[in-house]
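See structure below.
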Amino acid sequence: MSPPAQRHPARRGSILIQLLLAMILCSALVMLMLPLFQLLLRQDFLMRSTQDEIQLRQLRQVLMRSEQITVHPHALSFVLDQQERELCQSGQWLLIRPGTWILFDEVEEVSFHQEGNCIVMTLQTRHGEVRREIGWIE
């Protein structure tokens, strides 16, 4: 049987090697997970972008069926189905009033302006800025 004083140095070296191997393994796993995380972020961006385009198409269809469209700096007013309505920001939503038809969420700021016959909407979200033509005034 060996004395206890001789076992400690070997055990200490073994623990340090195991700790070093565990750190190398963890860093390798993190390096492998970074591309996966980036792929998931890209997929989220693509889904949000697709959803935004669907909402823009629905808004354009609403405005095509509308009459008496008036452009204000932070809202649009129009008549749809013989009822006066307004497209405006409420909290972090862009919605059509009266009612609760929410078109966009996570809205920080929205503005509207007219360029010739075209209505342009600039929508600022936490994901970035969207500037699109949404309708026409005849």
Side-chain angles (χ1 to χ4, degrees):
M1 184 168 201
S2 62
Q6 291 178 350
R7 271 196 259 161
H8 280 304
R11 183 181 277 173
R12 245 186 252 153
S14 173
I15 290 174
L16 288 175
I17 290 173
Q18 289 175 357
L19 182 61
L20 182 61
L21 287 174
M23 290 173 62
I24 291 171
L25 182 62
C26 286
S27 61
L29 285 173
V30 167
M31 296 296 278
L32 289 173
M33 293 194 64
L34 281 176
L36 178 63
F37 185 67
Q38 289 172 340
L39 179 66
L40 290 174
L41 285 177
R42 179 169 166 74
Q43 184 176 4
D44 181 54
F45 171 77
L46 290 174
M47 287 176 59
R48 168 133 330 252
S49 177
T50 301
Q51 183 66 29
D52 287 351
E53 290 303 320
I54 291 169
Q55 297 299 84
L56 283 168
R57 184 175 299 162
Q58 289 179 345
L59 176 57
R60 287 180 183 126
Q61 289 174 350
V62 165
L63 292 176
M64 283 182 3
R65 296 183 359 238
S66 300
E67 302 170 334
Q68 302 174 10
I69 300 173
T70 306
V71 179
H72 307 284
H74 297 286
L76 285 181
S77 57
F78 54 93
V79 175
L80 177 65
D81 300 329
Q82 299 176 357
Q83 185 177 14
E84 290 186 25
R85 299 187 185 257
E86 182 180 48
L87 174 67
C88 61
Q89 181 178 355
S90 178
Q92 291 190 340
W93 298 320
L94 182 65
L95 51 85
I96 296 177
R97 289 184 181 163
T100 56
W101 184 358
I102 298 171
L103 292 170
F104 293 93
D105 61 352
E106 300 179 5
V107 175
E108 293 177 0
E109 185 177 354
V110 65
S111 64
F112 302 95
H113 68 276
Q114 190 173 340
E115 294 178 0
N117 290 352
C118 186
I119 303 169
V120 178
M121 176 181 74
T122 304
L123 187 69
Q124 183 69 40
T125 69
R126 69 182 182 103
H127 304 288
E129 184 177 284
V130 176
R131 184 178 188 276
R132 296 284 195 279
E133 296 177 354
I134 58 170
W136 299 268
I137 296 178
E138 296 178 12

Under 3.5 Å, which donor-acceptor pairs link side chains of residues 55-62 to any protein atom two or more places apart or in another chain?
residue, atom, partner, partner atom, Å
Q55, NE2, L103, O, 2.5
R60, NE, E133, O, 2.9
R60, NH2, E133, O, 2.8

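- In this structure, M121 is a member of the same hydrophobic cluster as V130, with clusters built from ILVMFWY side-chain heavy atoms closer than 4.5 Å.
- Within the hydrophobic cluster formed by Ile, Leu, Val, Met, Phe, Trp and Tyr side chains joined at under 4.5 Å, directly or through other members, W93 is accompanied by L95, I102.
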For residues 74-84, tabulate all N or O donor-acceptor pairs below 3.5 Å that involve a side-chain atom, not counting sequence neighbours.
residue, atom, partner, partner atom, Å
H74, ND1, V110, O, 2.9
S77, OG, H72, NE2, 3.2
Q83, OE1, R85, NH2, 2.9

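- Once rounded to the nearest 0.5 Å, the distance linking CD of E108 with CZ of R126 reads 9.0 Å.
- Taking every heavy atom of both residues into account, M31 and P35 meet most closely at O-CD, 3.2 Å.
- Closest non-hydrogen pair, R131 versus H113, comes out as NH2-NE2, 3.4 Å.
- Once rounded to the nearest 0.5 Å, the distance linking CD of Q18 with CG of L25 reads 13.0 Å.
- Separating the CG atom in L63 from the CD1 atom in I96 is a distance of 7.0 Å, to the nearest 0.5 Å.
- Rounded to the nearest 0.5 angstrom, I24 CD1 and L19 CG are separated by 10.0 Å.
- The two residues D105 and T125 have their closest heavy-atom pair at O-CG2, 4.4 Å.
- By the criterion of side-chain heavy atoms lying less than 4.5 angstrom apart, applied directly or through intervening Ile, Leu, Val, Met, Phe, Trp or Tyr residues, I134 is grouped together with I137 in one hydrophobic cluster.
- From E129, atom CD reaches atom CD of Q124 across 5.0 Å, with rounding to the nearest 0.5 Å.
- The residue from L94, I69, I119 that alone fulfils the side-chain contact (heavy atoms from CB on, under 4.5 Å) condition with L87 is L94.
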